[in-house]
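So you know, we letter chains A, B, ... as the sequences are listed, proteins then strands, and number each from 1.
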2 protein chains.
Amino acid sequence: MSKIKGSGKGTRKETIIKAAAALFREKGYGAASMRDLAEKVGVEAASLYNHIRSKAEILQEICFGIANEFIVYMDEVENSQLTELEKVEKILRKHIQMMITRHERVYVTDHEWKHLPEPYYSNFHNQRRTYRKRFTAIIEQGIKKGEIKRIDAPTAVIILLQSVNGIESWHRSNHRISAAALEENMVSILIEGIKKN
Amino acid sequence: MSKIKGSGKGTRKETIIKAAAALFREKGYGAASMRDLAEKVGVEAASLYNHIRSKAEILQEICFGIANEFIVYMDEVENSQLTELEKVEKILRKHIQMMITRHERVYVTDHEWKHLPEPYYSNFHNQRRTYRKRFTAIIEQGIKKGEIKRIDAPTAVIILLQSVNGIESWHRSNHRISAAALEENMVSILIEGIKKN
DNA sequence: CCTACCGATCGGTAGG
DNA sequence: CCTACCGATCGGTAGG
C-alpha cells in the first residue's frame with residue numbers, strides 16, 4: 001500500500017507548484033509572496049520550505065518542465081518524414097494546445113523566466129535560443145523547397161510563437177468560441193500567411 | 001529666458017519616466033525598486049518624490065500615454081475612406097512602428113498594466129477592451145465586404161496584436177534585419193494570412 | 001507543520 | 001535635492 005498524500009493528485013510539492021503557477025500568472029513572480037502562496041495551499045509560509053528549497057526553485061521547475069516538453073516534441077517533429085510546412089503546422093499546433101490546456105505554466109514560463117537566478121537564467125536563455133533556431137531552420141528549409149514563401153524566417157518564428165500568447169486573452173474572456181475552433185482559426189491565418197501561393 | 005532643466009530634453013519628470021520605462025522593461029514593475037530608479041537618474045531615492053507622487057504614478061503615465069496614442073490613431077483610421085483591409089494594415093503598421101521606435105514604453109504598457117492600482121486598472125482594462133472591439137469591428141466589416149476571409153475576428157485581432165510583441169526579441173538580437181524589412185515581413189505574413197484569396 | 005523570529009529591503013515621509 | 005528614518009513586508013531559518 002503506497003502512501004497517498006494530498007487528495008491523490010501527486011505529491012505535496014506538485015500541489016505547491018500548481019498553486020504557485022496560478023499565483024505567478026495572476027500577480028507576476030515578483031509581486032507574488034510566499035505568504036500568498038501558503039494561504040492558497042492552506043499552510044503557514046514556513047511550512048512550504050519542508051517541500052521546496054526556495055521561491056526560485058518553484059520557478060525553475062515550472063520553466064524547465066515546460067521547456068523540456070517543447071524540446072521533446074521538437075525532436076519528434078524533426079525526425080519525422082513530414083514536409084517542412086507540415087512540421088511548422090505541427091509545432092504551431094503543439095504551442096496552441098499547450099497554451100490552451102496548460103496555460104498557467106506556459107504563460108508563467110514565457111513571462112517570468114527572466115526572474116530565474118543564475119545560472120538557471122543563462123541556461124534557460126540558451127535553450128530558448130536553440131529551440132528558436134531549430135524552428136527557424138525548418139522554415140528556411142521549407143523556403144528552399146518552395147513550400148513556404150520568401151520571408152525572413154526568424155521573423156516568421158517570432159510571429160508564430162508570439163501569436164499563441166494571445167490565447168491568454170481567449171482564456172480570460174469566457175471561451176466565446178471552442179478551443180478547437182480557436183486552434184483552427186489560428187492555424188488558418190498563420191499557415192496561410194506563410195504558405196507559398 | 002526659460003529655465004532649462006536636465007540636458008534640454010524635457011522636464012525632470014520626463015527624464016525620470018524615461019529611465020523608469022527602461023527599468024520596468026528590464027526588471028518588471030514589481031522587481032524594480034525606487035532606489036534602482038534613483039541610481040539611474042543620479043539622485044537619492046527620496047528626491048524622486050519632488051517630481052512624482054508615487055511609483056504607481058509613473059506606471060500610469062506610461063500606460064495611459066501609450067494607450068492614448070493608439071486611440072487617437074484609431075479615430076483617424078476609422079474616419080478615413082480606406083477599405084477595411086487597408087484600415088487593418090494601417091493599424092498593424094502603427095503597432096509595429098510604435099514597438100520599433102518606442103519599445104520600452106509599449107512593452108511596459110503591455111506587460112505591466114496589471115499592476116496599475118484601482119481605479120486606474122479598471123479604467124485601463126476598459127479602454128483596452130474598447131480598442132480591441134473597434135479593431136474587431138473593422139475586421140468583421142471587411143469579412144462582410146468580402147475583403148477578408150471568413151475567420152473569427154477576435155482571434156484575428158489577438159494574432160495581429162500579439163505578433164507585434166515579438167519585435168522585442170528583434171530589438172534584443174542586434175537588428176539582424178532593418179526595421180523597414182521587419183515591418184514588411186510582418187505585414188506580408190499577417191495581411192496575407194487574413195486576406196481573401 | 002507550527003510559532004517565533006531574523007536581516008534585508010521596500011515605498012514613502014519629515015524636515016531642512 | 002539630501003539625511004535620516006518610518007512601518008510594512010519580504011524570503012527564509014531555528015527549533016521543536
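- Within the 4.5 Å cutoff, the side chain of A:K13 has heavy atoms near those of the A:E57 side chain.
- The shortest side-chain heavy-atom distance between B:L182 and A:D152 does not fall under the 4.5 Å cut-off.
- Taking the six-membered ring where tryptophan is involved, the planes of A:Y120 and A:F64 are perpendicular, since the angle between them exceeds 60° and thus also 30°.
- Every stem involving DNA chain C, taken as at least 3 paired positions in a row under the Watson-Crick or G-U wobble test at 3.5 Å, is listed here: C:1-16 with D:1-16.
- Listed by residue number, B:V43, B:E44, B:A46 are the residues of residues 23-46 of chain B with a heavy-atom contact under 4.0 Å to DNA chain D.
- Chain B approaches DNA chain D within less than 4.0 angstrom (heavy atoms of the protein), and the contacting nucleotides run 5' to 3' from D:dC1 to D:dA4.
- At a threshold of 4.5 Å between non-hydrogen side-chain atoms, the residues B:E84 and B:K144 do not count as touching.
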Exercise. Which is it for A:E14 and A:K18 under the salt bridge (charged side-chain N to carboxylate O under 4.0 Å, His left out) test, yes or no, and what are the steps along the way?
Worked result: CA-CA 6 Å; A:E14 256 313 307; A:K18 188 171 182 173; over 6 Å; no
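- Residue order along DNA chain C, read from the 5' end via each residue's closest nucleotide, puts B:A56 first among B:A56 and B:N50.
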For this session: Begin with the C-alpha distance, continue with both residues' side-chain angles, and end with the deciding distance and a verdict on salt bridge (charged side-chain N to carboxylate O under 4.0 Å, His left out) for B:E76 and B:K90.
Result: CA-CA 10 Å; B:E76 260 181 66; B:K90 274 261 189 185; over 6 Å; no
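- Between A:H125 and A:W113, the two ring planes are perpendicular [angle over 60°; tilted spans 30° to 60°].
- Outside the 6.0 Å centre-distance limit, the rings of B:H111 and B:F24 are not counted as a close aromatic pair.
- For the pair A:H171 and A:I167, the minimum side-chain heavy-atom distance is below 4.5 Å.
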Exercise. Could you go step by step and tell me if A:E184 and A:R93 meet the salt bridge (charged side-chain N to carboxylate O under 4.0 Å, His left out) rule?
Worked result: CA-CA 9 Å; A:E184 291 315 315; A:R93 284 185 189 273; 2.9 Å; yes
